[in-house]
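Structure, as structure tokens:
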Amino acid sequence: MKNMKNKIVAIIEEGEKRNYYNKLSEYGYSVSYDIGICCEGVNLIIIDGSKAFKLEQLGKIKNKKIYKKTPTIGIIESEEIENLTLYMEWGMDDYIKYPCNEEEVIFRIEQIIGYKRAIKKLYKANYSIEKHKSIIKNQKHKFQNIIDTLPISIWVKDKKGFYMEANSTYYKSYNLIPTQLIGKSDKEIWHSDKYKSFLDMDNIVLNDNRCTEHEGIIELNNEEKIYKVNKFPLYDIDKNIIGLIGTSQDITDYKLREEQIIKCSMTDFLTKISNRRGLYEYLEDKFKDENNRLTVLFMDIDEFKKINDVYGHKFGDDILKIVTMKICKIFENDFVSRIGGDEFVVVLDEKNNEELEVILNKLIDEISFEIAIGKHQCFISSSIGVVNSTKDDDIESILIKADLAMYSAKEKGKNTFAFYECGMAEEVEINSSIEADLYSAIEREEVCLYYQPQFSSDRKLLGFEALFRWNNAKYKNVSVSKIISIMEQSKLIHKMGKYIFRQACIFAKEINENREERIIVSINISPVQLMRKEFILEIMSIINEIEVNPMYLGLEITEGIFLENTEESISTIARLKNLGMKIFLDDFGTRYSSLNYLVKLPISSIKIDKSFIDEIVEKGDYYTLTKLITDIAHSIKLPVVAEGVENNTQLRKLKDMNVDVIQGYIFSRPLSEEDAKMLIERESVEILSV
């Protein structure tokens with residue numbers, strides 16, 4: 001055993017001469033004779049001397065903490081045996097009986113050092129085991145604390161379905177204590193058919209080795225609770241299934257909130273009835289049964305945008321609430337929804353037209369009412385589209401049909417209802433096609449102007465009305481008025497209007513060059529154009545660009561312009577008239593014609609509509625009205641233009657009334673630009689026929 005790392009301190013009383021101390025180095029021991037010198041890593045202390053010397057040295061060792069665990073042995077002579085108990089009390093661990101030889105000393109030293117080392121190693125091993133046991137115990141305690149504080153129930157079952165463990169949340173959730181759960185099966189706990197569904201889920205996990213998830217209702221304390229349950233396989237270290245882990249969470253409150261959120265998402269915030277999403281959900285459910293036949297009413301409030309603009313959105317919201325109340329009163333057992341703005345949809349079980357007309361008339365009457373706003377009275381009415389579903393209908397198709405029927409009701413004059421007819425959808429497609437092709441009509445050079453001459457009653461040329469024409473064979477049978485209406489609805493009228501005005505300006509400049517008596521070229525202006533804020537700037541920009549005298553130009557406007565926004569419209573027209581242009585009030589007598597217009601409005605002339613001229617020969621009332629209009633206009637120095645004059649009888653009667661300007665086929669149809677210029681060159685006017 002040659003290990004010089006073994007250190008021994010031999011404390012020898014003076015006079016003691018032991019040969020074996022000198023021999024220890026030969027056996028690999030490092031020997032020191034002073035306890036204060038080699039104080040680190042000492043494996044053994046030997047004390048050799050008298051009783052008093054031994055006790056003195058043991059006292060010194062006891063006071064040195066570094067030697068507290070170092071084994072101490074003494075060399076004991078026969079007469080000292082009686083002192084062993086005292087020595088042991090003072091800290092001596094073992095002894096060697098003297099006399100002894102060096103082999104015996106070496107053997108005993110090695111035995112004592114080996115024993116101490118074994119004890120130390122064993123102690124360390126035991127300490128390590130205890131430490132790991134403590135760590136595992138602490139970890140298990142921590143883990144248990146963690147799962148106990150989780151807001152979900154957790155449990156463990158063995159392969160036979162018996163509960164092995166559960167967290168505190170589980171016990172609280174199901175009103176159980178450990179003795180009622182551990183070692184028991186679901187059948188013993190629930191005592192109902194519930195355990196069968198639990199068993200089915202367990203078998204999927206244990207037999208098919210896969211996770212499950214489901215929601216279930218459990219009655220606790222006479223109250224139903226909804227739980228979400230997940231189950232997972234539990235494996236041993238070799239990946240064998242030894243049971244399952246289950247988790248469950250009370251989602252009752254969550255489900256209630258979810259239902260409230262879904263209900264809110266399908267409810268209109270303002271009126272508290274169903275919204276568009278709610279309508280779609282309802283119709284989806286209805287259309288699941290192919291035999292269901294429905295009647296759908298699509299309605300909106302007439303001129304609702306104007307109500308909002310004039311009286312404010314707060315008042316508009318109040319109107320919507322009142323209308324909702326009135327609709328729900330009539331359809332208290334049917335589905336009513338507001339799908340946006342002022343649009344409402346009502347869904348009924350299918351009814352025949354006779355039943356519907358009774359209901360619809362009642363609805364129209366109910367929603368036709370006046371409401372006071374300060375000193376003003378606001379009249380509310382609605383337009384309603386009606387459609388009965390067919391087996392081929394889906395949600396979108398039936399709503400589109402109802403919407404088309406509603407716009408048909410608006411075209412009838414509003415405050416009425418209309419049933420869907422087969423041609424309505426085709427008409428929408430045609431309108432869409434027209435709108436799409438109109439966008440590039442100017443670039444394709446399909447747009448041109450025709451000019452209808454205007455004469456005095458003695459056939460003197462006074463001016464032209466510029467008329468829009470679209471040279472597209474695809475739409476040759478579509479009326480110009482319909483095309484213009486489509487342009488107005490699509491806002492394409494702004495682009496087209498600027499183009500028409502520019503072309504008319506070029507024509508007016510050319511025909512008035514080197515001419516003493518000017519010829520007025522009048523251009524029709526849509527209310528949509530006039531309401532555009534940039535309209536006057538655009539007009540002035542074109543006039544400056546073409547360098548045409550504004551006195552060569554006229555603008556034809558209708559009464560509808562003043563109904564939209566009277567004050568602003570009057571201001572705009574006045575500014576245009578101040579530029580030098582003539583202002584013609586077109587179609588007078590066909591709409592809301594008021595004598596007030598003739599006095600208040602900044603107009604230069606009025607045009608009596610063709611519908612009056614057509615009847616002045618056969619119907620005396622029309623003759624009387626036409627003469628009355630002419631006389632009133634003349635009394636305030638306004639010239640009168642008669643449109644649509646087609647025969648000599650009409651011309652004669654108009655001359656008798658002193659109508660100032662004649663326009664119609666009797667003198668000329670609308671002419672191309674080239675033919676209009678040729679007409680101007682003639683010295684005298686002659687009746688043209690085409």
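Predicted, not measured: the structure shown is a model, and the values here were computed from it. These numbers come from the heavy atoms of this one structure, side chains and all, not from hydrogens, waters or symmetry mates.
S337 contributes no side-chain N or O that, together with a main-chain N or O of I339, makes up a donor-acceptor pair within less than 3.5 Å. Using modelled atom types, one side-chain atom of N361 and one backbone atom of E357 make a donor-acceptor pair closer than 3.5 Å. Side chain of S185 to backbone of G161: no donor-acceptor contact under 3.5 angstrom is found. Between the side chain of D334 and the backbone N or O of L348, no donor-acceptor pair lies under 3.5 Å. A donor-acceptor pair under 3.5 Å is absent between the side-chain atoms of N230 and the main chain of E213, judged by distance alone. D158 places a side-chain N or O within 3.5 Å of a backbone atom of F162 that can act as its donor or acceptor partner. Side-chain atoms of S490 come within 3.5 Å of backbone atoms of I486 as a donor-acceptor pair (strictly under, hydrogens ignored). Remark: side-chain polar atoms of N275 are paired, donor with acceptor, to backbone N or O of S265 under 3.5 angstrom. No donor-acceptor pair closer than 3.5 Å links the side chain of N203 to the backbone N or O of D200. Without hydrogens or angle criteria, T267 side chain to K272 main chain gives no donor-acceptor distance under 3.5 Å.
Rounding to the nearest 0.5 angstrom, the gap separating the CE atom in M496 from the OH atom in Y439 is 10.0 Å. In this structure, the separation between NE2 on H494 and CE on M487 is 11.5 Å, given to the nearest 0.5 Å. One distance of note links CE of M325 with CG of L320; it measures 12.5 Å at 0.5 Å rounding. Annotation: the span from I398 atom CD1 to L294 atom CG amounts to 5.5 Å, rounded to 0.5 Å. Residue I204 holds its CD1 atom at 5.0 Å from CZ of R210, rounded to the nearest 0.5 Å. One distance of note links CD1 of I273 with CG of D268; it measures 6.0 Å at 0.5 Å rounding.
Side-chain atoms of S248 and Y174 form a donor-acceptor pair, as typed in the model, at a separation below 3.5 Å. Side-chain contact check for Y420 and N388: no donor-acceptor pair (N or O, by modelled atom type) lies under 3.5 Å. A side-chain donor from one of N415 and S368 sits under 3.5 Å from a side-chain acceptor of the other.
Side-chain contact check for E446 versus D437: every heavy-atom pair is 4.5 Å or farther apart. Side-chain contact check for D186 versus Y163: some heavy-atom pair is nearer than 4.5 Å. Considering only heavy atoms from C-beta on, L438 stays 4.5 Å or farther from N472 through its side chain. No side-chain heavy atom of I319 sits under 4.5 Å from any side-chain heavy atom of Y311. A 4.5 Å side-chain heavy-atom check between K157 and L206 finds every atom pair outside the cut-off. With a 4.5 Å cut-off on side-chain heavy atoms, D394 and F287 do not count as touching. S274 places none of its side-chain heavy atoms less than 4.5 Å from the side chain of M266. Counting heavy atoms from C-beta outward, R338 and F269 have side chains that stay 4.5 Å or more apart.
When all heavy atoms of S383 and K410 are compared, the pair lying nearest together is OG-CG, 3.4 Å. Pairing each heavy atom of C211 with each of P233, the nearest pair is SG-CD, 4.0 Å. Contact between F298 and L399 at its shortest, heavy atoms only, is CD1-O, 3.9 Å. The heavy-atom pair separating I189 from Q180 by the smallest distance is CG1-O, 3.8 Å. Closest approach of K412 to F417, counting heavy atoms only: NZ-O, 3.8 Å. Taking every heavy atom of both residues into account, L181 and Y171 meet most closely at CD2-CE2, 3.5 Å.
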Checklist line | From CA spacing to verdict: side-chain contact (heavy atoms from CB on, under 4.5 Å), Y280, E396 | finding: CA-CA 9 Å; Y280 274 65; E396 293 299 336; 2.7 Å; yes

- How far apart are the C-alpha atoms of Y475 and K482, what are their side-chain angles, what is the distance that settles it, and do they pass the side-chain contact (heavy atoms from CB on, under 4.5 Å) test? CA-CA 11 Å; Y475 307 110; K482 181 178 180 66; over 6 Å; no

Full working for side-chain contact (heavy atoms from CB on, under 4.5 Å) between T324 and F344 = CA-CA 8 Å; T324 300; F344 295 83; 3.3 Å; yes

Given the rule in the side-chain contact (heavy atoms from CB on, under 4.5 Å) test, do I327 and L363 qualify, once you have shown the distances and angles that lead to the verdict?
-> CA-CA 7 Å; I327 296 172; L363 181 59; 4.3 Å; yes

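Using a 30° and 60° split on the angle between ring planes, F335 and Y282 fall in the parallel class, below 30°.
The environment of E370 atom CD is dense: over 12 non-hydrogen atoms of other residues, nucleotides or ligands sit within 6.0 angstrom. Annotation for K351: atom NZ counts as buried by contact number, over 12 foreign heavy atoms lying within 6.0 Å. Atom CZ of F107 has 12 or fewer heavy atoms from other residues, nucleotides or ligands within 6.0 Å.
Using a cutoff of 4.0 Å between basic side-chain nitrogens and carboxylate oxygens, D317 and K321 are not scored as salt-bridged. K495 has a carboxylate O that lies under 4.0 Å from a charged side-chain N of E443, or vice versa, which qualifies the two as a salt bridge.
Residue pairs meeting the salt bridge (Lys or Arg N to Asp or Glu O under 4.0 Å) criterion with at least one partner in residues 322-333, sequence neighbours excluded, are K326-E366.
Results of the side-chain contact (heavy atoms from CB on, under 4.5 Å) test with Y227 over I251, T252, D250 single out D250 as the only residue that passes.
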